[in-house]
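Encoded as structure tokens, the structure appears first; notes follow it.
Letters go in sequence order (proteins before strands), and every chain restarts at 1.
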Amino acid sequence: MIVLENVSKNYSAGAPAINNIDLKIEKGEFVFIVGDSGAGKSTLIKLLLKELEPTTGKIYINDKFVNKLKRRKVPYLRRDIGVVFQDFRLLKDRNVYDNVAFAQRVIEVPSKVIRRRVPAMLSMVGLAEKYRSFPKELSGGEQQRVALARALVNNPPILLADEPTGNLDPKNSWEIMKLLEEINKRGTTVVVVTHNKEIVDAMQKRVICMQKGVIISDEKKGGYIYEN
Amino acid sequence: MIVLENVSKNYSAGAPAINNIDLKIEKGEFVFIVGDSGAGKSTLIKLLLKELEPTTGKIYINDKFVNKLKRRKVPYLRRDIGVVFQDFRLLKDRNVYDNVAFAQRVIEVPSKVIRRRVPAMLSMVGLAEKYRSFPKELSGGEQQRVALARALVNNPPILLADEPTGNLDPKNSWEIMKLLEEINKRGTTVVVVTHNKEIVDAMQKRVICMQKGVIISDEKKGGYIYEN
Amino acid sequence: MKIKTFFYSLQQGIVNIRRNKLYSLASVGTITACIFLIGLFYSVVVNLQHMVHNAEEQINITIFFDNGTSDEDMARIGDAIKKRVEVERIEFTSAEDAWKNFKQLYFGDKAELAEGFKNNNPLANSASYTIYINDVNMQDALVSYLESMKGVRQVNYSSSAASMLTDFGRLVGYVSAALIIILLAVGIFLISNTVMIGITVRKGEIAIMKLMGATDFFVRAPFLVEGICIGLVGAAIPLGILYLIYSNAVRYLLGQFQGISTIVNFLSVNEVFRVLVPVALIIGAGIGFMGSMITIRKKLKI
Amino acid sequence: MKIKTFFYSLQQGIVNIRRNKLYSLASVGTITACIFLIGLFYSVVVNLQHMVHNAEEQINITIFFDNGTSDEDMARIGDAIKKRVEVERIEFTSAEDAWKNFKQLYFGDKAELAEGFKNNNPLANSASYTIYINDVNMQDALVSYLESMKGVRQVNYSSSAASMLTDFGRLVGYVSAALIIILLAVGIFLISNTVMIGITVRKGEIAIMKLMGATDFFVRAPFLVEGICIGLVGAAIPLGILYLIYSNAVRYLLGQFQGISTIVNFLSVNEVFRVLVPVALIIGAGIGFMGSMITIRKKLKI
Ligand SMILES: Nc1ncnc2c1ncn2[C@@H]1O[C@H](COP(=O)(O)OP(=O)(O)OP(=O)(O)O)[C@@H](O)[C@H]1O
Ligand SMILES: Nc1ncnc2c1ncn2[C@@H]1O[C@H](COP(=O)(O)OP(=O)(O)OP(=O)(O)O)[C@@H](O)[C@H]1O
Ligand SMILES: [Mg+2]
Ligand SMILES: [Mg+2]
């Protein structure tokens, strides 16, 4: 499903953010990516989305060769991937409802379906009442949950979530994780970047640990790993 | 040091974000504020900074009556308070060094001191090498540490940190917490808003728990509290 | 593209205008200001050219006849002249009229001074045609024709007045063409400047939309609708203002300058607006469209 | 404020310009464009007024004398007239000159036709003064004075030509004053528009600075420096361009219109720029300053 071969990413300055990574994530897997601040986790996600181009190496998603994907085809790749960004990236000038509905409009879902699906999604993340608020009128955790609702609303085959519980209290975090597990059970490939040791330890899923741009461990049923 | 009397804050729409809160934090205390997403923690911090005005109630900081503080005097109030914002609020068009140096320039610290103090501060949060990067070239955790460095560089008598470890790995989080404890020992009043149960439980400090705008518990040496 | 997406873009473009009030206002303001200037200028310039043209029409040529030319010959010459394309109309002045005019001019009220010439019109040979021509540029051609005519003793014409007016007309033409072109260029620059800043502000938003899997078209269409709407509003406002100003200014100025209304002769509002309305709307909508198009294209790369 | 803060603001303002390249370029571009238009316009208008004034100076009055006025009396009258403030200069035409001119005009080359008058100048009483005046507006006053003079038989003047020029001058004055004022207003509007959008983009930044404990002055000073610098650059560029265009255009037009250079008579570059340079710099720096001032003030509330 997701295959990286010898992928590196150098930003102009300094050491490479991703250094020669090989990685294979099967369809339907649930994967945690953990690692230090600055290890290259977000960079990895940006590469999968083709927001960034790898400096070297090959990336395949759903058997599409991402490196050579035509500009015209990129949107269709992205429609297969729901993403929760670390910095949320909500549309500042649209309210919660429109932010989530936007993801559906992009793939031309009929309005009738949108009107049913968006509120359902919002209540699933506990924001049914806030649908008319604008991002700047939400608390950090609320924004994060809107980002999650937006990523999930289209039922994408792949979900990438970059630190989806960083601004959430433990109870909310657990609920979100249960939601992701649920979605995973229905067939979605889920990749979660997180610093939440408690959750990683408890869920006993595949854990990939990164450090300074390389994968230092990859365990089928792991806990949070400290690199000491 | 920080006194709130009957403070409420209503945003235009919906239920009050802060509902009739009484709170007293002594000079030199170390306080955790925990609570659900949307409980009003960030709103409380904004009130202390006079970024928002309380709808009702009185706020005193260092014996200054914040409500009636003259516009001219507000900057001097803020210089006594170092803040780590939940969304970092770095100056996008300045690099890491300039972001931290800005806090010092505001209080007219001599350039010579700035040139010594800023790099020292940056290496304390582990970003000595990144001093020339711009915010958008940093990982989430790196941005958060810049925000922390900026809040601490002036040795303010009060430090407010809104979710300062939300984007940090456990090791980094612990280091930051040790740093805050250290600073607290040297006399700074520290208020940390956090969702990190592990840290709260381990540190055994005063824990204030908020829920829907009210304080539901306030323990001298507490752990993380779930409101069930 | 489904029809739904088309309507969504349309609606979204209009909603965007409301969402980004500041930017929309600034853009409409800039377009209004620029098109207002262009229109104002155009009005002044076409009127100036119109006046120069009027003045040109008042330039004339006088011809005198050989001694003893009969009235019939004069009439024949007159007919021949009238047939020329250069000629707008001709007027005949008999020898008696000429003498009367002369006396009036040189002796004024004291007509008794001219008594000496009583029965002896010193200007007996001064019957003349005054010829008004269509276009000063044609004067030279006509003059050589007239000089070659049999029975014509002398052709009086003011080559300096004619060339002065031609020159002045050309000067006005040059300067005003240059000014209009400069104004257009500056206007387009200013408007695209504003559009560019406005859209650059939203490049973050565009990037987010692209990451959601939106196609270039889907992202761009609302911006184009927005650009065109802003352009049209920004063109309509100054047209309205100019219409009011123009009709009132013409009325006011005509009132003020009754004395010279033969030269100060304004074009009617409709004559001016027949050109101005389509040009302004095309500039407004065109720049709104192009500005959005180009700027967004730059931001679509992600 | 310490001196250090002053220098910091200065330096920071200049650094800001580089940091916000797009905004700085857009602002400089807008100011350049507006001041360019204002300057261009001003140049055209002052030249037009200059030409009208020149034309006015060519308006003249002719006076004739009573029968038998002696040469001495004429000289005395001439001296009296010369003393009047309205008068620029006077020219004497003797009766003989008048007759020569007349012959030239009416008989042209065929001077033999005038032989009949050989020893009997029919215009014996047509000696005259031609009086050039400083300002057509003063013509009426001078004419009544001249008519009241002893020994003056007749005063010929073209009240229509004079009033036409006066009117035309007034028309040019009105229209160009209106245009300049409108251009200034529009220019100021456009520039502050750009400044406003630009600074609004940075309101987030301003809010952050305020939350760091920066005083209003500390936040504002770099923006003001930035505004003034952008304004000055935006004024200097069009001044340079206008200087080049103006001097070349004048040379070119003078070459093209040698025939009418008595009327088409341009002001020198220096005469125009003596006014334009300070005005442009004041507008540029002034608006840069005011625009920043007002916009930031709005954003400083936090
Ligand atoms: N646009 C950029 N230009 C230059 N360097 C960058 C850029 N983006 C990221 N980096 C650097 O690349 C490294 C990896 O960044 P990345 O965002 O992938 O880290 P991360 O693993 O997501 O960290 P965190 O847990 O703190 O979010 C960091 O050292 C960062 O400073
Ligand atoms: N500007 C605003 N306008 C309207 N409502 C707001 C605004 N800012 C916050 N709120 C609402 O006030 C409530 C409290 O927000 P606050 O940011 O204080 O929560 P929080 O405790 O910091 O939550 P989190 O842990 O998710 O950051 C939330 O329900 C939020 O939606
Ligand atoms: Mg990251
Ligand atoms: Mg918060």
Side-chain angles (χ1 to χ4, degrees), chain A residues 11-15 17 34-43 85-88 125-127 129-130 132-145 162-163 165-176 193-201 209-211 224-228, chain B residues 11-15 17 34-43 85-88 125-127 129-130 132-145 162-163 165-176 193-201 209-211 224-228:
Chain A
Y11 292 109
S12 48
V34 302
D36 281 1
S37 171
K41 308 178 294 297
S42 300
T43 302
F85 296 96
Q86 192 170 12
D87 50 358
F88 317 150
V125 297
L127 284 176
E129 288 161 24
K130 295 267 173 192
R132 294 179 74 174
S133 298
F134 285 85
K136 70 164 194 291
E137 299 168 356
L138 296 177
S139 79
E142 286 162 350
Q143 289 178 40
Q144 198 155 39
R145 286 179 280 158
D162 196 351
E163 205 79 65
T165 59
N167 287 277
L168 293 177
D169 52 291
K171 196 181 119 228
N172 251 311
S173 300
W174 269 112
E175 280 168 13
I176 296 297
V193 173
T194 188
H195 292 306
N196 196 321
K197 183 176 181 309
E198 223 174 334
I199 285 177
V200 175
D201 287 344
C209 181
M210 291 181 67
Q211 191 187 335
Y224 198 99
I225 287 148
Y226 291 86
E227 91 301 350
N228 294 319
Chain B
Y11 291 109
S12 46
V34 302
D36 282 0
S37 171
K41 307 178 296 294
S42 300
T43 302
F85 296 97
Q86 192 170 10
D87 50 359
F88 316 150
V125 296
L127 284 176
E129 288 161 24
K130 296 266 172 194
R132 295 178 75 172
S133 299
F134 285 85
K136 70 165 194 289
E137 299 168 355
L138 297 177
S139 79
E142 287 163 351
Q143 289 179 40
Q144 197 155 40
R145 285 178 282 157
D162 197 351
E163 205 78 66
T165 60
N167 287 277
L168 292 178
D169 52 291
K171 196 179 117 229
N172 252 312
S173 300
W174 269 112
E175 280 169 11
I176 296 299
V193 173
T194 187
H195 291 307
N196 196 321
K197 183 176 178 311
E198 224 176 333
I199 286 178
V200 175
D201 287 345
C209 182
M210 292 182 65
Q211 191 188 334
Y224 197 99
I225 286 147
Y226 291 86
E227 91 301 351
N228 295 312

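Heavy atoms closer than 4.5 Å to chain B are found nowhere in A:Arg132, neither backbone nor side chain. Both the backbone and the side chain of A:Glu142 come within less than 4.5 Å of a heavy atom of chain B. Of the atoms belonging to A:Asp87, not a single heavy atom falls under 4.5 Å from chain B.
You'll find the side chain of A:Ile199 stays beyond 4.5 Å of the side chain of A:Thr194, heavy atoms only. Side-chain atoms of B:Val34 and B:His195, non-hydrogen and from C-beta on, never get closer than 4.5 Å to each other.
Atoms CG and CG, from B:Asn172 and B:Asn167 in turn, are 11.0 Å apart once rounded to the nearest 0.5 Å.
Counting heavy-atom pairs closer than 4.5 Å to chain B, the top-ranked of the candidates A:Ser173, A:Gly166, A:Gly126 is A:Gly166. Considering only heavy-atom pairs separated by less than 4.5 Å from chain A, the leading option among B:Ala17, B:Ser37, B:Gly40, B:Gly141 is B:Ser37.
A:Glu198 places no side-chain N or O within 3.5 Å of a backbone atom of B:Asn196 that could act as its donor or acceptor partner. Side-chain atoms of A:Asp36 never come within 3.5 Å of backbone atoms of A:Ala39 as a donor-acceptor pair (strictly under, hydrogens ignored).
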